[in-house]
Amino acid sequence: MHFNDSPVVIAQRLVGQLLCRRTRDGLCIGRIVETEAYLSEGDTAAHSTRGPNRKNACMFGPAGRAYIYTIHARQCVNVVTERQGIGSAVLIRAVEPLTGVPLMQRRRGTIHLRNLCRGPARLCEAFQIGRDLDGWDLTRGKRLWIADESCDLSANVVCSPRIGVTSAEDLPLRFFVNRSGFVSGTRKQTSIHH
DNA sequence: AAAACGATCTACT
DNA sequence: GTAGATCGTTTTG
């Protein structure tokens, strides 16, 4: 999968894909169930809206890199979209835990599956995604990457059975598109179902 | 230097 | 459903 496309398109395409993370502690995989697009133009909620700076620089980098930011003393992960110089990205809002559940539970300090990876900061804690991965190339299949759901992971992965949808509202697969005619992060406006 | 803010989370009702 | 916590960054005096 390539990410050099509009964040709206990528936000839709990412839903259903696998977020993969390998550390010395083990492998974690989650199915992406909720995303949100941040546009390069006319989107005042996007961190790129006031141009590049030290913190958001990765947003203006090549597509397929990670943009990680801190908020409320927590981390959130985005997939950078569009060509270098364009500041757009897709926030990963929730994943369904598939592999490495005990490790996630340890990191999160809870055993409750529903709360493991529901929310952009929660999933980062479960996957141990920190600022050290800001700018990481997500297409290289190391440490942190996105895998197509159809790809064969059986070589080194044994996926647990489906646990059930863990998105915030327990809805089927969905994505959010930020402002500019679509939806904001509050979840109180119209959402687009997939 | 102090205050306000935020693409959030937890605990509690 | 919402108050309170959290802390780095930005804004204000």
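Here is how names work: the chains are called A, B, and so on, in the same order as the sequence lines, proteins then strands, and each is numbered from 1. Just so we're clear, the structure is a prediction, and the values are computed from it rather than from any experiment.
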Between [options], spot the one nearest the side chain of [X], thanks.
| X | options | result |
| --- | --- | --- |
| A:Asn78 | C:dA5, C:dT10, B:dA7 | B:dA7 |
| A:Asn53 | C:dT10, C:dG8, B:dG6 | C:dT10 |
| A:His72 | C:dT6, B:dC9, C:dG8 | C:dT6 |

* **Strand partner of C:dT6, provided both Watson-Crick or wobble distances fall under 3.5 Å** => none
* Considering Watson-Crick and G-U wobble pairs with both distances under 3.5 Å, what does B:dA7 pair with? ->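 The base-pairing partner of B:dA7, which may sit in any strand shown, does not exist here.
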* Locate the shortest heavy-atom distance separating A:Leu91 from A:Pro120; write the atom from each residue and the value. =>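 Scanning both residues, the minimum pair turns out to be CD1-CB, 4.1 Å.
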* Asked: Which heavy atom of A:Asn4 sits nearest a heavy atom of A:Arg83, and at what distance?
  ->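 Smallest interatomic distance, heavy atoms only, reads OD1-N, 3.2 Å.
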* Asked: With a 4.0 Å cut-off, would you call A:Glu125 and A:Arg108 a salt bridge?
  -> yes
* Does A:Arg13 come within less than 4.0 Å of A:Asp5, counting only side-chain N to carboxylate O? -> yes
* Asked: Could you state the CD1-P distance from A:Ile71 to B:dC9, rounded to the nearest angstrom?
  ->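 Going from CD1 in A:Ile71 over to P in B:dC9 covers 9 Å.
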* To do: Write down the distance between CG (A:Leu91) and P (B:dG6), rounded to a whole number of angstrom.
  => 16 Å
Output yes when at least one side-chain N/O atom of [X] is less than 4.0 Å from OP1 or OP2 of [N], else no.
| X | N | result |
| --- | --- | --- |
| A:Lys55 | C:dT9 | yes |
| A:Arg50 | C:dT11 | yes |
| A:Arg118 | B:dC9 | no |

* Asked: Hey, is A:Tyr38 doing a stacking thing with B:dA7, by the 5.5 Å centroid and 30° angle criteria?
  ->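 A:Tyr38 vs B:dA7: stacking yes.
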